[in-house]
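Below is one structure, written out as structure tokens; comments come after it.
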Protein chains: 2
Amino acid sequence: MEFLTRMEEILLLTVHQLGTEAYGVTIKARVEELLGKSVSVGAIYVPLDRLTKHGLLKTWQGESSPERGGRSKKFYKLTRDGLAILRETKALSDSLWADATV
Amino acid sequence: MEFLTRMEEILLLTVHQLGTEAYGVTIKARVEELLGKSVSVGAIYVPLDRLTKHGLLKTWQGESSPERGGRSKKFYKLTRDGLAILRETKALSDSLWADATV
DNA sequence: TTATTTCTTCTAAATTATAGAAGAAATAAG
DNA sequence: CTTATTTCTTCTATAATTTAGAAGAAATAA
């Protein structure tokens with residue numbers, strides 16, 4: 001089976017945790033918080049697109065919000081496959097560190 | 001700070017765990033065991049080289065063993081920086097999964 | 001000598017990551 | 001209205017990483 005890259009792992013997990021509020025801008029903000037540094041929009045959207053193309057994420061267009069700059073948002077959610085591979089990735093990570101003393 | 005890619009994480013951890021027996025062939029075997037699939041030699045040596053160039057691993061030539069095919073081995077060990085970044089990567093991984101329910 | 005084994009080096013191609021310019025779609029301001 | 005501003009996404013080019021596997025090197029065995 002194929003494992004996720006670190007960025008893919010971070011993005012899937014972030015989308016999962018953001019629930020109904022997972023779209024480009026909120027995802028980017030959360031990733032920056034996690035990594036403690038700012039990232040470009042490309043660093044977010046390019047892998048999100050790939051994950052979607054690979055069937056690990058699904059997307060839909062939201063309504064435009066009633067605020068200024070209300071371009072409609074593209075929301076993300078894990079597919080069944082996305083959730084499964086995220087679990088497998090966690091399992092790999094766990095077994096990797098299982099008996100490690102660093 | 002810069003985080004490790006997944007392969008770098010796996011390699012550093014494997015070198016660490018193999019202790020005095022960490023060289024190309026044993027590392028490759030352990031990684032294959034971890035991932036549950038075979039990998040090419042390039043998939044091992046190329047990133048090992050890069051980690052060495054970046055100062056996270058140090059290397060030295062071992063003696064040739066008294067067995068057939070005894071070309072001398074190139075051993076690897078984590079540097080102080082390598083160990084530090086491995087710890088930081090584990091911390092990232094932990095915080096990533098801290099309050100995750102997948 | 002030649003074959004065989006273990007191990008590493010090298011190189012090319014595919015994939016992934018990253019930055020940031022550009023574009024699209026909405027409301028606010030004048 | 002018309003222009004500015006804001007939020008958000010798309011696009012594109014480049015850099016970095018991964019991967020496969022051919023080739024080469026260094027030893028012992030036949």
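Letters A, B, ... mirror the listed sequences (proteins, then strands); counts begin at 1.
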Return no unless some side-chain N or O of [X] is found under 4.0 Å from OP1 or OP2 of [N].
X	N	value
A/Lys28	D/dC8	no
A/Thr5	C/dT15	no
B/Lys73	D/dA27	no
A/Ser40	C/dA19	yes

message: Restricting to non-hydrogen atoms, name the atom on A/Ser72 and the atom on A/Gln61 that form the minimum distance, rounded to 0.1 Å.
response: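 Looking at all heavy atoms of both residues, the closest pair is OG-NE2, 2.9 Å.
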Minimum heavy-atom distance B/Leu12-B/Leu4, with the two atoms named: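 For B/Leu12 versus B/Leu4, the nearest heavy atoms are CD1-CD1, 3.7 Å.
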Among B/Leu35, B/Ile10, B/Thr14, side-chain contact (heavy atoms from CB on, under 4.5 Å) partner for A/Leu96: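 The residue from B/Leu35, B/Ile10, B/Thr14 that satisfies side-chain contact (heavy atoms from CB on, under 4.5 Å) with A/Leu96 turns out to be B/Ile10.
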query: Starting at the 5' end of DNA chain D, which residue's closest nucleotide do you reach first, A/Val46 or A/Val25?
result: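 The residue mapped nearer the 5' terminus is A/Val25.
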message: Quick check: on DNA chain D, is the nucleotide nearest B/His54 upstream (toward 5') of the one nearest B/Val41, or the reverse? Name the residue that is more 5'.
response: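 It is B/His54 whose nearest nucleotide is closer to the 5' end.
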message: Closest-nucleotide mapping onto DNA chain C: is B/Tyr23 or A/Ile44 further toward the 5' terminus? I mean the 5' end.
response: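 Checking each residue's closest nucleotide, the 5'-ward one belongs to B/Tyr23.
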Find the distance [X]:[atom1] to [N]:[atom2] and express it as a whole number of Å.
X	N	atom1	atom2	answer
A/Leu48	C/dT18	CG	P	13 Å
A/Leu4	C/dT16	CG	C1'	13 Å
A/Met7	D/dA15	CE	P	19 Å
B/Phe3	C/dT18	CZ	P	12 Å

Partner nucleotide of [N] by Watson-Crick or wobble geometry (both distances under 3.5 Å):
N	result
D/dA30	C/dT1
D/dA22	C/dT9
D/dT5	C/dA26
C/dT18	D/dA13

- prompt: Base, sugar-phosphate, or nothing: which does B/Arg50 touch, judged by heavy atoms less than 4.0 Å apart?
  reply: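 Base, at least one base atom sits under 4.0 Å.
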message: Applying a 4.0 Å non-hydrogen cut-off, can you work out what A/Gly24 is touching in the nucleic acid: base, sugar-phosphate, or nothing?
response: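 Contact class for A/Gly24: sugar-phosphate only.
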field: Presence of salt bridge, A/Glu2 and B/Lys37, under 4.0 angstrom
entry: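 Yes.
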query: Is it true that B/Asp94 and B/Lys90 have a side-chain N and a carboxylate O under 4.0 angstrom from each other?
result: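 Here B/Asp94 pairs with B/Lys90 in a salt bridge, since their nearest N and O are under 4.0 Å apart.
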query: Taking the side chain of B/Arg71 as heavy atoms from C-beta outward, which of C/dC7, D/dT18, D/dT7 is closest to it?
result: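 Minimum distance to the B/Arg71 side chain belongs to C/dC7.
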